[in-house]
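Read through the structure below, which is laid out as structure tokens, and then see the notes.
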Amino acid sequence: MNIHEYQAKGILEKYGVTIQKGIVASTPEEATEAAKKLNAETGTEWYVLKAQIHAGGRGKGKVKETDSNGVVLAKSLDEVAPKSKAILGGTLVTHQTGEEGKLVSKLLVAEDVYYPGENEPKEYYVGILLDRAKGCNVIMASTEGGVDIEDVAENTPEKIFKEWIDPRVGLQGFQARKVAFKLGLEGEAFKNMVKFIHSLYAAYDATDSSMFEINPVLKTSDNKILAVDAKVDIDDSALYRHKDIAEMRDKSEEDPAEVEASESGLNYVKLDGDVGCMVNGAGLAMATMDIIKLSGGEPANFLDVGGSANAQTVEAGFRIITKDPNVKAILINIFGGIVRCDRVAKGVVEAYKNIDGLDLPIIVRLQGTNAEEGAKIIQESGLKVTSAIVLKDAAERVKEALA
Amino acid sequence: MSVLVNKDSKVIVQGFTGSEGTFHAEQMIEYGTNVVGGVTPGKGGQKHLDRPVFNTVEDAVREAGANVSIIFVPPAFAADAIMEAADAGIKVIITITEGIPVKDMMKAKTYIQGKDLTLVGPNCPGVITPGEAKVGIMPGFVFKKGKIGIVSKSGTLTYEAADQIVKAGFGISTAIGIGGDPIIGTPTKEAVKMLMEDDETEAIVMIGEIGGNYEAEAARWIKETGNKKPVVGFIAGKTAPAGRRMGHAGAIIGGKDDTAEAKMKIMDECGIFVVQSPADIGETMKKALS
């Protein structure tokens, strides 16, 4: 589960990670109040206004309606309200949001941390994630902060350092020191970075996170180490033991159809294509999407109805798929094991009759337990539904439906 | 010989008296699997499905001689169940449970390191040696006995592959569902290795999906060891968008090596018969064996 920057920073702060301070606001007035409060708390006279959406590239991204960037600097209290107004309620388009962009309903008003002083401020990258191959967590750090880490990995891989964490003992002191030394730090900044990494790992571990990306981590002109941005991804399977974090879910960031599907217990991901599909099992669902593509279509979605497909799940699936106006045909691919194909077939026929105005070609491929009985039910239903048993036939039927 | 489970396996079910455990234990018994009992803490001494219930895996090992365990315990307690089985000396631990927190699995996987046992799963359909033992949730009738081994991250796609193999005139030696989670006990390479070393297996179907590097690692190992048996391979998710989790916790494209294209390219370079369409698994196996 993804959360917003302001929520992520709240979690980090709870575990002692030093952060760029900020206050979240939903209106220009709240933003001004937040700025005043920040000024009182930190002495900052400049304010960074950061759009809160679940996507990166906000700084370079543009708000469609006003042409404002998604992250802007207000150099006085008076500038806070008008500059906030240009972002709040607008649609922010970044390289990660796609052309449609994302609605900004919250802003983080943050202190200015790039103030001048005895040293130049310097940006670093620190991330923690699961190394699947090794089965443990890895800390990744780089001197190249503030840029896309994938680009660093591509162009200058020698500038990324990794430290693997033994699950039996957790992060050790020497490892935190190694990372700080490799980042070229010394004196007060070195000590602060060691502390920063320890707190960061503690937060990661305690919250069952699957990814932390702190980019940039800033060394301020007076040698403080601060998380200026924070991207946090929590392991969905562990949310049951973090009720407070589970409540941070922002459904407005998700596709409404995906939210509806998850409420019906279906695993649905919306895609851009023209052929909808409904499948039991995640692997077979992906394979079915691939078949649609090979048949000349583009998959409109991923939809796994799970191991117990029945009339209700099939109907819920139909309703969600047919909400997408791009869908020209639907392929249902069920491999009956525990699930009996004749039951699924009855479910399809019932659901078809229950949904008004359903006029799309539907290809049902049933295989496994009672597949032939299932095919018979489909054929005799008199509906605009074609049946197939072999996967190859299903692909051919999709091709015909699209022709 | 067969791999992991056979007619001599003495199987216990952890989470025996729960609804999932009961249903699938019945199915396994009906298939002919030698289910010697089950474990449900607090229900030791009772009978369930005409078999003894034990409080601990240790009791099941001592009193019923169990050496294989299948786990249906809910996600919050599943890692603990794996460690309990390992501690009791179970040799093959098959974990069906989906949705175990990554941190718990990391702990369990570390715990079993260096112990003489094999963990299969979690989030998998289990293992079947047709005609001998079904230790899983797959529909047994699809898997006719034969000489093709199957290794797969996915459940229903495994059934699909088995069905095509059977329709192409072959049968299955052992099918191993390794699971779709980011951390699993038996990665693709280890499962392929078992089948390569198995006398009854003449060829292998290897099915993967987006995310992780297991398939590439297996492909390189197959090439390094001289492509001893023909392998037909497929990776699901060529049309999956980057950064989105496709059902399985582990099925997510995080970087360029995670894509189906990248994996299929490596598999092809390593001498694996890669199919672009999952509908071609059976036909391609025919060609590979001709």
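Computed over heavy atoms, backbone and side chain alike; hydrogens, waters and symmetry mates excluded. Chain letters run A, B, ... following the sequence lines, proteins first and then strands; every chain starts at 1.
- In terms of heavy-atom pairs under 4.5 Å with chain B, the best-connected choice from A/Gly273, A/Ala153, A/Ala238 is A/Ala238.
- For the set B/Gly211, B/Gly254, B/Gly140, the entry with the most heavy-atom pairs within less than 4.5 Å of chain A is B/Gly211.
- The residue among B/Gly237, B/Gly243, B/Pro139, B/Ala240 with the most heavy atom pairs within less than 4.5 Å of chain A is B/Gly237.
- Comparing A/Gly283, A/Gly368, A/Gly336 by heavy-atom pairs within less than 4.5 Å of chain B, the highest count is held by A/Gly283.
- Here CD1 of B/Ile70 is found 12.5 Å from CD1 of B/Ile93. Values are rounded to the nearest 0.5 Å.
- The distance from atom CD1 of B/Ile82 to atom CG of B/Leu119, rounded to the nearest 0.5 Å, is 5.0 Å.
- Counting heavy-atom pairs closer than 4.5 Å to chain B, the top-ranked of the candidates A/Val269, A/Leu271, A/Leu239 is A/Val269.
- Residue B/Ile137 touches chain A through its backbone alone, counting heavy-atom pairs closer than 4.5 Å.
- Here A/Ile321 contributes atom CD1 and A/Ile330 contributes atom CD1; the two are 5.0 Å apart, rounded to the nearest 0.5 Å.
- Residues A/Met289 and A/Val279 have side chains not in contact (no heavy-atom distance under 4.5 Å, counting atoms from C-beta outward).
- For B/Val102, the parts sitting under 4.5 Å from any heavy atom of chain A are the backbone and the side chain alike.
- In terms of heavy-atom pairs under 4.5 Å with chain A, the best-connected choice from B/Pro75, B/Ala76, B/Pro125, B/Gly208 is B/Ala76.
- Neither the backbone nor the side chain of B/Met138 has a heavy atom closer than 4.5 Å to any heavy atom of chain A.
- Heavy atoms closer than 4.5 Å to chain A are found in the backbone of B/Ile100, but not in its side chain.
- Separation of atoms SG (A/Cys136) and CD1 (B/Ile183) is listed at 8.0 Å; rounding is to 0.5 Å.
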(message) Run the side-chain contact (heavy atoms from CB on, under 4.5 Å) test on A/Ile139 and A/Leu200 for me, step by step, so that the C-alpha distance in whole Å, both residues' side-chain angles and the decisive distance to 0.1 Å come before the verdict.
(response) CA-CA 10 Å; A/Ile139 295 183; A/Leu200 195 68; over 6 Å; no
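- At a 4.5 Å heavy-atom cutoff, the contact between A/Ala133 and chain B is made by backbone and side-chain atoms alike.
- A 4.5 Å side-chain heavy-atom check between B/Ile96 and B/Pro122 finds every atom pair outside the cut-off.
- For B/Ala260, no part lies under 4.5 angstrom from a heavy atom of chain A.
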Could you please spell out the steps behind the side-chain contact (heavy atoms from CB on, under 4.5 Å) verdict for A/Val314 and A/Val305? CA-CA 8 Å; A/Val314 170; A/Val305 295; 5.9 Å; no
Can you check whether chain A and chain B share any donor-acceptor pairs under 3.5 Å, and give the atom names and distances if they do?
from	atom 1	to	atom 2	distance (Å)
B/Val102	N	A/Asp235	OD2	2.7
B/Lys103	NZ	A/Asp205	O	2.7
B/Asp104	OD1	A/Arg241	NH1	3.3
B/Asp104	OD1	A/Arg241	NH2	2.7
B/Asp104	OD2	A/Arg241	NH1	3.2
B/Thr156	OG1	A/Asn280	O	2.7
B/Glu160	OE1	A/Arg365	NH1	2.7
B/Glu160	OE1	A/Arg365	NH2	2.8
B/Glu160	OE2	A/Arg365	NH2	3.3
B/Asp163	OD2	A/Gln367	NE2	3.2
B/Gly237	N	A/Asp290	OD2	2.8
B/Lys238	N	A/Asp290	OD1	3.0
B/Lys238	N	A/Asp290	OD2	3.2
B/Thr239	N	A/Asp290	OD1	3.0
B/Thr239	OG1	A/Asp290	OD1	2.8
B/Arg244	NH1	A/Glu258	OE2	3.3
B/Arg244	NH2	A/Glu258	OE1	2.6
B/Arg244	NH2	A/Glu258	OE2	3.3
B/Gly250	O	A/Arg132	NH1	2.7
B/Gly250	O	A/Arg132	NH2	3.0
B/Asp280	OD1	A/Lys392	NZ	2.5

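- Atoms CD1 and CD1, from B/Ile176 and B/Ile204 in turn, are 8.5 Å apart once rounded to the nearest 0.5 Å.
- With values rounded to the nearest 0.5 angstrom, A/Ile149 atom CD1 is found 4.0 Å from A/Ile160 atom CD1.
- Between B/Val13 and B/Leu49, every side-chain heavy-atom pair lies at or beyond the 4.5 Å cut-off.
- With sequence neighbours left out, A/Ala287 forms a side chain to side chain contact (heavy atoms under 4.5 Å, CB included) with B/Leu157, B/Phe234, B/Ala236, B/Pro278.
- Comparing B/Gly212, B/Gly255, B/Gly155 by how many heavy-atom pairs each has under 4.5 Å with chain A, the most go to B/Gly212.
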